[in-house]
Trainee: 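To start, I am sharing the structure in question, which I have written as C-alpha cells.
Both backbone and side-chain heavy atoms feed into the values below; hydrogens, waters and symmetry mates do not.
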Amino acid sequence: DNNNVYGDWDIRCAYSSDDGETWSYSTVAETHPVNEMYPAVYMAGNSVYVAYVSNGNLYLVKSKDGGATWGEPVQINDVDGSVVAGSGCVDVYGAGIVWEDNRNGNIDVYYASLPAPRLQMSISGGFGITVHISNVGTEAAENVPCSIEITGGLILMGKSTETTITVNPGESVDVKVLPIGIGKITITASAGGATAKASGFLLGPLVLGLQ
C-alpha cells in the first residue's frame, strides 16, 4: 500500500493465528521515499520469505513467526540496479528465487538459492509406518507441523497423527506411527510444504506392500 505521507509503495502482511477468525498486520518492507513492489511469498512452517523489488534491486526478507515480525532485508542480485521491475518479475519457492534481470542489456531470467529449509519425505511400512523427513535446504526447519493420515480399510487405532518436528540442514528425522486395523489403506503425510503418499495393506500392526 501507499498509505504514508510520502505516497511511495510499501509491503505489508495480514496474518492470522486462529484459522482466519481474526487478523493482525505487520510491515514487511518500508523505506521512504522509495517504492517496495512486486512481492512474492514462500512459506515453510512458521517461516515466511518475501522477495521484492526496490530501486532496481531484489531483496529477501524473512519472518520466523508466521508474519508477525520481520528481519532485515538482504539484497540478492549482485549487480546493483539490474533487476527489471514489473508484474510477475519475481518468484520464490523452496528451491530458490528467480527474477528478471537486464545486466547484459536484454532481459534474462536469473536464479539464486533460497536460504531456507527444504523438506523431502518418504513413507515405509513393516511393523507400523515410518515417515522419513530430510532437510535438503540451507536452514533449520524449526517446529514444523507434521501430519499423517490413514484412509480406507478398517482402522481401529492410529488413524491420524499430528506432531511438530525440527530438522537441521543435511539431517533427517523419522516419525513413527503404529496403526491397528485391516484392509487396503492410503497413507498421506505432510510437513512444511512437502507431501508424500503411499498405498498398501494393513494387517493388525503390519503395513504390507506399500507403493
Trainee: How long is the span from the OG1 atom in Thr195 to the CD atom in Gln120, to the nearest 0.5 Å?
Mentor: 11.5 Å
Trainee: Measure the OG1-NZ distance between Thr163 and Lys176 for me, rounded to the nearest 0.5 Å.
Mentor: 14.0 Å
Trainee: Does Asn57 use its side chain to pair, donor to acceptor, with the backbone of Gly81 at less than 3.5 Å?
Mentor: yes
Trainee: Looking at Cys13 and Gly67, what are the two nearest heavy atoms and their distance?
Mentor: SG-O, 4.0 Å
Trainee: Just wondering, do Thr27 and Trp70 contact through their side chains at under 4.5 Å, heavy atoms?
Mentor: no
Trainee: Side chains of Leu206 and Phe127, heavy atoms from C-beta outward: is any pair under 4.5 Å?
Mentor: yes
Trainee: Grouping I, L, V, M, F, W and Y whenever their side-chain heavy atoms are under 4.5 Å apart, do Val83 and Tyr42 come out in a common cluster?
Mentor: yes
Trainee: Do you reckon Tyr49 sits in the same ILVMFWY cluster as Tyr15, going by side-chain contacts under 4.5 Å, direct or chained?
Mentor: no
Trainee: Taking ring pair (Phe, Tyr, Trp, His ring centres under 6.0 Å) as the test, write out the residues that go with His132, two or more places apart.
Mentor: none
Trainee: Under the side-chain hydrogen bond (donor to acceptor under 3.5 Å, both in side chains) definition, can you give me all pairs with a residue in residues 147-161, not counting sequence neighbours?
Mentor: Ser147-Ser190
Trainee: Locate the shortest heavy-atom distance separating Val50 from Pro39; write the atom from each residue and the value.
Mentor: CG1-CB, 3.9 Å
Trainee: Do the non-hydrogen side-chain atoms of Pro115 and Leu60 ever get within less than 4.5 Å of each other?
Mentor: yes
Trainee: Do the side chains of Val61 and Tyr52 get nearer than 4.5 Å, heavy atoms only?
Mentor: yes
Trainee: One pair to check against side chain to side chain donor-acceptor pair (under 3.5 Å): Asp101 and Asn77. What are the steps and the verdict?
Mentor: CA-CA 9 Å; Asp101 194 295; Asn77 58 307; 5.2 Å; no
Trainee: Donor-acceptor check, side chain of Glu36 to backbone of Thr31, threshold 3.5 angstrom: yes or no?
Mentor: yes
Trainee: Can you list everything that forms a ring pair (Phe, Tyr, Trp, His ring centres under 6.0 Å) with Tyr6? Sequence neighbours excluded, please.
Mentor: His32
Trainee: Take a 6.0 Å sphere around CG of Asn3 and say whether it holds more than 12 heavy atoms from other residues, nucleotides or ligands.
Mentor: no
Trainee: Taking only residues two or more places apart in sequence or in another chain, which ones pass side-chain contact (heavy atoms from CB on, under 4.5 Å) with Asn35?
Mentor: Asp8, Trp9, Met37
Trainee: Could you tell me which residues satisfy side-chain contact (heavy atoms from CB on, under 4.5 Å) with Asn55, sequence neighbours excluded, listed by chain and number?
Mentor: Val34
Trainee: Please report the closest heavy-atom contact between Ala29 and Asp10, naming both atoms and the distance.
Mentor: O-CB, 3.5 Å
Trainee: Kindly compute the distance separating CG (Asp108) from CZ (Arg103), expressed to the nearest 0.5 Å.
Mentor: 9.0 Å
Trainee: Any side-chain heavy-atom pair from Leu58 and Tyr110 closer than 4.5 angstrom?
Mentor: no
Trainee: Could you tell me whether the side chain of Ser16 and the main chain of Thr22 form a donor-acceptor pair under 3.5 Å?
Mentor: yes
Trainee: Considering residues at least two apart in sequence or located in another chain, which fulfil the side-chain contact (heavy atoms from CB on, under 4.5 Å) criterion with Ser113?
Mentor: Tyr111
Trainee: Do any pairs count as a salt bridge (Lys or Arg N to Asp or Glu O under 4.0 Å) and have a residue in residues 49-74, sequence neighbours left out, and if so which ones?
Mentor: Lys62-Glu139
Trainee: Ignoring hydrogens and angles, tell me if any N or O in the side chain of Asn135 forms a donor-acceptor pair with the backbone of Arg118 under 3.5 Å.
Mentor: yes
Trainee: Please check if the side chain of Ser63 supplies one atom and the backbone of Val48 the other of a donor-acceptor pair under 3.5 Å.
Mentor: no
Trainee: With a 4.5 Å cut-off on side-chain heavy-atom distances among I, L, V, M, F, W and Y, is there a chain of contacts connecting Val53 to Tyr59?
Mentor: no
Trainee: So, for Pro179 and Gly128, which heavy atoms are closest and what is the spacing to 0.1 Å?
Mentor: CD-CA, 4.2 Å
Trainee: Could you work out, with side-chain contact (heavy atoms from CB on, under 4.5 Å) as the rule, every residue matching Val84, not counting sequence neighbours?
Mentor: Glu100, Asn102, Ile107
Trainee: Going by atom type alone, with no hydrogens or angles, which donor-acceptor pairs under 3.5 Å involve a side-chain atom of residues 87-96 and a protein atom two or more places apart or on another chain?
Mentor:
none

Trainee: Can you pull out every side-chain hydrogen bond (donor to acceptor under 3.5 Å, both in side chains) where at least one residue sits in residues 197-210? Sequence neighbours excluded, please.
Mentor: Thr186-Ser199
Trainee: Which residues pass the ring pair (Phe, Tyr, Trp, His ring centres under 6.0 Å) test with Phe201, sequence neighbours left out?
Mentor: none
Trainee: Supply the members, apart from Val131, of the Ile/Leu/Val/Met/Phe/Trp/Tyr cluster built from side-chain contacts under 4.5 Å; use none for a lone residue.
Mentor: Leu119, Met121, Ile123, Ile129, Ile133, Val144, Ile148, Ile150, Ile155, Ile165, Val167, Val173, Val175, Val177, Ile185, Ile187, Leu202, Val207, Leu210
Trainee: Are Ile11 and Val41 connected into the same hydrophobic cluster when the rule is that any two of I, L, V, M, F, W, Y join if their side-chain heavy atoms are below 4.5 Å apart?
Mentor: yes
